[in-house]
Amino acid sequence: MKNAVKYLSISLLILLGLSACGGGSSVSNISPNANVTPPPPPPPPPVDPDIFRTAEFNANWALEAINAAEAYAKGFTGEGVTIGFVDFNFDLATSELNVDARSLGADADIVAIYEAQIGEEASSSPHGHAVAVTAAGIKNDIDTHGVAFDSNVLLVDFFSGVNSRTIIQNNVTNTLSDPWTWLVNNGARIVNKSLGFDEDDFISNPPQVSQRFIVDFDTNVVFAGGLLVTSGGNNSDNEPSLSNLEALQRLRNAGFLNSGPGAMIMVGAVDKNNVIADFSDHAGSGDSRNHFMVAPGVDVIFPYSNENGPGLFVGSGTSFAAPLVSGAAAVLMERWPSLTARDIRNILFETATDLGEAGVDAVYGHGLLNLNAALSPSGNTTVAVRTVGNSLNVSPLSLAIVSGGAMGDAIRLSDALSNTMITDKFKRDFAVDLSSAITFQNNHIVVGNKLSARQNWQSQNLIQSRNLTVQFGFSYDQHRRAILPFLSQAEQNLEPSPNYSFELAGSKGNLEWRLGRGSSLSASMKNTFDTAGSNRDWSLTDHNSIMPEAQNNNFIIIGTPIGKNDQISFGIAYGQDDSDQLNTQIAVTAERSTLTSSLRYDRYSDNFDLNVSVGLMQEKGSLLGTKTNGAISFGEAAYSEWLSLGVTWHSTAKMQISANVMGVTSQSQHNSTGLIEDVSGLFSSRISFDISYQGLFHQTDQMYFSIFQPLRIEQGYATLVNGAGLNPVTGEILFQAQKVSLAPSGREKAIEAGYSRQFAGWTAEARVAYRFQAGHIINQNDLASLLYLSRRF
C-alpha cells in the first residue's frame with residue numbers, strides 16, 4: 001500500500017510534457033516542410049569530416065558544437081543501436097526516423113483518464129517527434145538530421161499504457177504503466193526522457209476521480225541495466241529539477257547510483273557561446289554535479305508543427321539538449337557494443353569539454369558533450385598482446401625495431417604494424433599505425449667512421465726474430481666523431497666508430513695468431529696484417545663485412561698450415577653495441593651483444609685461391625643485427641649459422657678477380673610475450689664480386705672495382721598476433737595470428753670503384769660508391785665519393 005501511495009503522488013503533475021520545455025523555452029517557425037521522397041542511403045562515410053558538413057548538418061549548429069562531423073568521419077553513426085523515448089505525440093509514420101515497428105502511440109482511453117484527473121487537456125504539440133529527430137533524425141538531405149542518424153528509435157507515448165498493471169486504492173482504480181523496463185527489455189539500451197517535474201508543477205486540489213493513470217519511476221531503466229538520459233530542467237534553478245533529484249535519491253537508496261551496469265545522465269543546456277542558458281537548471285553544489293553535463297539547447301533546430309503546419313522550427317530547452325547526449329551514446333554503443341551503460345556515461349563525462357570552473361563544477365557539471373573526444377582514446381593507451389591463455393597490455397612507447405640491414409625495411413611487417421590494436425583506460429580498442437616503430441641505423445654511407453679508423457691507424461713491429469714475430473696496430477678516436485671528407489652525400493654519425501681499435505699479431509713456428517679490438521671476426525680472418533696500414537682492406541660499401549657483429553668486437557684468431565698450399569684458422573669474438581646510448585632517437589635500450597666463432601679453410605695455388613668458412617653467431621638483444629624492444633621483440637637471443645665459399649682468380653700478375661657467396665640460417669629463442677609470438681625459417685644470402693688491378697698507369701697505382709649484395713633475408717616469417725577487435729558481448733580482446741614475411745622490399749646492389757697512387761711520399765686516393773635500393777629498400781639509392789691525400793711523417 002505504501003508503494004501505491006508513492007505512485008499516486010506522481011499523478012499530481014501538470015502536463016509533464018510542457019514541464020520539460022517550460023521555464024524559458026520557446027519555439028518559432030522557420031519554413032514549412034514539404035513532403036519530399038528521401039534519396040537512397042549515402043555511401044560509406046569518407047575520412048574527411050567536411051564531407052559531413054552538408055546543408056542538412058549545418059542547419060543545426062548543435063551538431064558542429066559537439067564535434068559530430070569528426071565522429072562521423074571515423075565511420076560511426078549509431079547504426080544498429082536502438083534508442084528508446086518516452087514522450088508525447090510521436091509521428092510513428094515519419095520518414096525522418098528509423099521507427100521500430102513495436103513503437104506505440106497514445107491510448108485515447110488513457111488520455112481521457114489523465115485529462116480528467118488533472119482537469120486540463122493534454123498537450124497536442126509534437127514534442128516527442130522533435131526530441132527523437134534531434135537524437136536520431138535520418139541523414140537524407142531533408143531539413144536536418146540527428147546525432148545518431150543511422151540508429152533505430154523505439155517510441156513509446158507517455159499515454160500508451162504499455163506494460164501496465166492495476167492498483168486499487170480507496171476505491172480508485174490506478175493504472176500503473178512501466179514503459180522504462182519495457183523499452184530496455186525490447187532492445188533499447190539508451191532511454192531518453194525529455195520531461196520531468198519540479199516543485200511548482202504539483203496540483204494542490206486535484207479533481208476527485210475513480211480512475212487514475214500513473215507512469216512508473218524512470219529509474220527502472222537503470223535497474224534494468226540501461227542508460228537513462230534526462231533533461232536537467234528549465235526552471236533556472238541552482239540544481240537539477242525535483243524529478244531528477246528524486247531519481248538520484250532512489251538510485252542511491254537502491255545502491256545503483258555509482259555501481260551496476262546501468263547509469264543516469266542529467267543534461268543542462270548551453271547557448272552558442274557555451275554559456276549556460278538562463279532557463280537551464282544547473283548541476284548543483286551537491287552530489288548531483290557528478291551526474292550532470294551540458295549540451296546545446298538554445299535556438300536549436302528541429303521539425304515541429306503549429307497552427308501554420310509542419311516545418312523546421314527554432315526552439316530552446318533542456319528537452320533538446322538531452323537527445324544530443326542520447327544520440328552520442330548511441331554512436332559510442334555502435335562502436336563498442338560490449339560497453340555497459342555506465343561505461344558510456346563515464347566516457348561521455350571524462351571526455352566532455354570542461355566549462356566554467358576547472359573540473360566538475362556546480363553549473364556545468366562535467367562540461368560540454370564532445371562526441372569526437374568520446375570516440376578517441378582516453379587516458380594511457382596500451383597495446384594488447386596475447387600470452388598463453390591470457391592477454392596483457394604494454395605501452396606503445398616500448399615498441400621499437402632498429403633494422404640492422406639484412407631485414408631492410410621489413411615492408412610486410414611494417415604494413416602489418418600499420419593497423420595495430422591499442423586499448424585505452426576504458427578497455428576500448430583503437431587501430432593505430434605503429435609502422436614508424438621500425439627505424440634504420442644507417443640509410444646512407446657513413447664515410448667518416450670508416451675513414452677515421454683508417455686515418456688514425458698506426459702500426460709498428462714490436463719483435464722481429466727468426467722464431468717470433470709480434471706486430472701492433474692501433475687507432476684512437478678521442479671525440480668519437482665522424483671526419484667530414486669531400487662527400488656528394490653522407491649522413492652524420494648514427495653508428496659511432498669504436499673509440500679505439502688495435503691488432504696484435506705474431507707467429508711462433510707454424511702457428512700464427514692475431515688478437516684485437518674494433519673489427520669483425522669475419523673481416524679479421526680474411527685480412528693480412530699490414531704494418532704500413534695504408535693498404536688495409538676496407539671499402540665504402542662494407543663489402544668486407546660478413547656477419548652483423550656488435551660494435552667494439554674483441555677477437556682472437558689462430559691459424560696453421562696443414563699442407564704445402566693449405567691453411568686452417570679458427571677465431572672467436574665477443575662484442576657489445578652501445579651505439580643507441582649516443583642516439584636518443586632510437587627507442588631500443590636493450591644492450592646488444594654477439595658471440596661469434598668461425599672455422600676457415602684456405603687453399604692457395606698459382607692461378608686460384610679457394611676459401612671455405614663456417615661459423616656460428618649468438619646474439620642477445622638482436623636478430624641479424626636488428627634490435628627489437630617491448631611488444632615487438634624478436635626474442636631474447638638468436639642463433640645464426642653460415643657457410644661461405646670464396647674463390648680468387650689470379651688472371652695475370654697484376655689482376656685478380658674474386659667472388660664470394662654465403663648462406664645463413666637463423667633462429668630466434670622466443671618467449672612469446674608480445675605481438676611477435678614466433679620467428680622461424682630465416683634464410684639469408686650475401687654475394688660479392690671484386691676486380692683489382694695493380695700497375696695500370698704506374699707501378700705504384702692500383703684500381704679497384706666491386707659489385708656487392710650485403711646480407712639480405714631471402715625468406716623467413718614472424719608470427720604476428722594482433723588484436724582483431726573486442727567480443728561484442730563480453731568485451732574480451734579477440735586476437736588474430738598472421739605469418740608476416742621479414743624479407744625487405746628491395747635488394748641492395750652496391751657498386752664501388754677506386755683508384756690510388758703513390759708519389760713523392762704521398763698517397764692519393766679517389767673512391768666512388770653507388771648503392772641501388774640502399775639498405776634493401778626499394779626506390780632508395782645512395783651515392784658517396786671521396787678524395788683522400790695522406791703522407792706518413
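What you see is a predicted model, and the numbers here were worked out from it, not measured in a lab.
Residues passing the salt bridge (charged side-chain N to carboxylate O under 4.0 Å, His left out) test with Arg412: none are found, sequence neighbours excluded. Under the rule for a salt bridge (charged side-chain N to carboxylate O under 4.0 Å, His left out), Asp609 has no partner lying at least two apart in sequence or in another chain. Residues passing the salt bridge (charged side-chain N to carboxylate O under 4.0 Å, His left out) test with Glu748, sequence neighbours excluded: Arg771. For Asp701, there are no salt bridge (charged side-chain N to carboxylate O under 4.0 Å, His left out) partners two or more places apart in sequence or in a different chain. In terms of the side-chain hydrogen bond (donor to acceptor under 3.5 Å, both in side chains) criterion, Tyr693 has no residue partners (sequence neighbours excluded).
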**OP:** Show your working on side chain to side chain contact (heavy atoms under 4.5 Å, CB included) between Val647 and Phe608 and close with a plain yes or no.
**Re:** CA-CA 7 Å; Val647 61; Phe608 287 94; 4.0 Å; yes
**OP:** Output, in order, the C-alpha distance, side-chain angles, deciding distance and verdict of side chain to side chain contact (heavy atoms under 4.5 Å, CB included) for Phe705 and Met703.
**Re:** CA-CA 7 Å; Phe705 176 81; Met703 186 184 69; 6.0 Å; no
Original post:
Given Leu682 and Leu623, is the side chain to side chain contact (heavy atoms under 4.5 Å, CB included) satisfied, shown in steps?
Top reply: CA-CA 10 Å; Leu682 286 184; Leu623 173 63; 3.5 Å; yes
Subject >> Worked check of salt bridge (charged side-chain N to carboxylate O under 4.0 Å, His left out) between Glu752 and Arg767 >> reply: CA-CA 7 Å; Glu752 182 175 353; Arg767 288 208 180 213; 2.9 Å; yes
**OP:** Could you check Ile657 against Phe689 for side chain to side chain contact (heavy atoms under 4.5 Å, CB included), going step by step and ending with a plain yes or no?
**Re:** CA-CA 8 Å; Ile657 301 173; Phe689 178 80; 3.5 Å; yes
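Checking Thr648 against Ser658 by side-chain atom types alone, a donor-acceptor pair falls below 3.5 Å. Defined by atom type and a distance below 3.5 Å, a donor-acceptor pair is present between the side-chain atoms of Asp690 and Tyr704. Judged purely by distance below 3.5 Å, without hydrogens or angles, the side chains of Arg686 and Asn660 pair a donor atom with an acceptor atom. Side-chain contact, Asn553 with Tyr574: no donor N or O sits under 3.5 Å from an acceptor N or O. Side chain to side chain, Ser613 and Ser598 fail the donor-acceptor criterion of an N or O pair below 3.5 Å. Side-chain atoms of Arg600 and Ser569 form no donor-acceptor pair, as typed in the model, at a separation below 3.5 Å.
The structure places CE of Met547 at 9.0 Å from CG of Leu616, a figure rounded to the nearest 0.5 Å. Separation of atoms CD (Gln669) and CD (Gln618) is listed at 8.0 Å; rounding is to 0.5 Å.
When every heavy atom of Arg592 is checked against every heavy atom of Gly625, the shortest pair comes out as NH2-CA, 3.5 Å. Here the closest heavy-atom approach between residue Ser597 and residue Trp642 is recorded as O-CH2, 3.9 Å. Considering all non-hydrogen atoms of both residues, Phe683 and Gly663 come closest at CE1-CA, 4.0 Å. Here the closest heavy-atom approach between residue Asp433 and residue Ser418 is recorded as OD1-CA, 3.1 Å. Shortest non-hydrogen contact noted between Ala764 and Phe759 is CB-CE2, 3.8 Å. Of all heavy-atom pairs between Met421 and Ile733, the closest is CE-CG2, 3.5 Å.
Between Val385 and Val721 the shortest side-chain heavy-atom distance does not fall below 4.5 Å. Side-chain contact between Leu515 and Trp513: present, with at least one pair of heavy atoms (C-beta onward) separated by less than 4.5 Å. The shortest distance between side-chain heavy atoms of Leu610 and Asp602 does not fall below 4.5 Å. Side-chain contact check for Thr652 versus His650: every heavy-atom pair is 4.5 Å or farther apart. Using a 4.5 Å heavy-atom threshold, the side chains of Ile572 and Thr596 count as separate. Between Leu675 and Thr420 the shortest side-chain heavy-atom distance falls below 4.5 Å. Counting only heavy atoms from C-beta outward, the side chains of Pro548 and Leu711 approach each other to under 4.5 Å. Inter-residue side-chain proximity for Phe430 and Thr381 is flagged as unmet; no heavy-atom pair is nearer than 4.5 Å.
Around CG of Asn565, the count of heavy atoms belonging to other residues, nucleotides or ligands within 6.0 Å exceeds 12. Enclosure of atom CG in Asn607 by more than 12 non-hydrogen atoms of other residues, nucleotides or ligands within 6.0 angstrom is indicated. Atom NZ of Lys749 has more than 12 heavy atoms from other residues, nucleotides or ligands within 6.0 Å. A 6.0 Å sphere centred on CD of Gln738 holds more than 12 heavy atoms belonging to other residues, nucleotides or ligands.
Put simply, the side chain of Gln567 never gets that close to the backbone of Arg603: no donor and acceptor are under 3.5 Å apart. Judged by distance alone, the side chain of Thr700 and the main-chain N or O of Arg757 form no donor-acceptor pair under 3.5 Å. Side-chain atoms of Thr628 come within 3.5 Å of backbone N or O of Phe634 as a donor-acceptor pair. When atom types are taken as modelled, the side chain of Asp678 and the backbone of Thr719 share no donor-acceptor pair closer than 3.5 angstrom. Remark: side-chain polar atoms of Ser414 are not paired, donor with acceptor, to backbone N or O of Ala410 under 3.5 angstrom. Not one N or O on the side chain of Glu641 forms a donor-acceptor pair closer than 3.5 Å with the backbone of Val664.
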With a 3.5 Å cut-off and sequence neighbours excluded, list the donor-acceptor pairs that the side chains of residues 739-747 form with protein atoms.
residue : atom : partner : partner atom : Å
Ser741  : OG   : Ala743  : N            : 3.2
Ser745  : OG   : Asp409  : OD1          : 3.4
Ser745  : OG   : Asp409  : OD2          : 2.6
Ser745  : OG   : Ile778  : N            : 3.1
Arg747  : NH1  : Gln709  : OE1          : 2.9
Arg747  : NH1  : Glu714  : OE2          : 2.8
Arg747  : NH2  : Glu714  : OE1          : 2.8

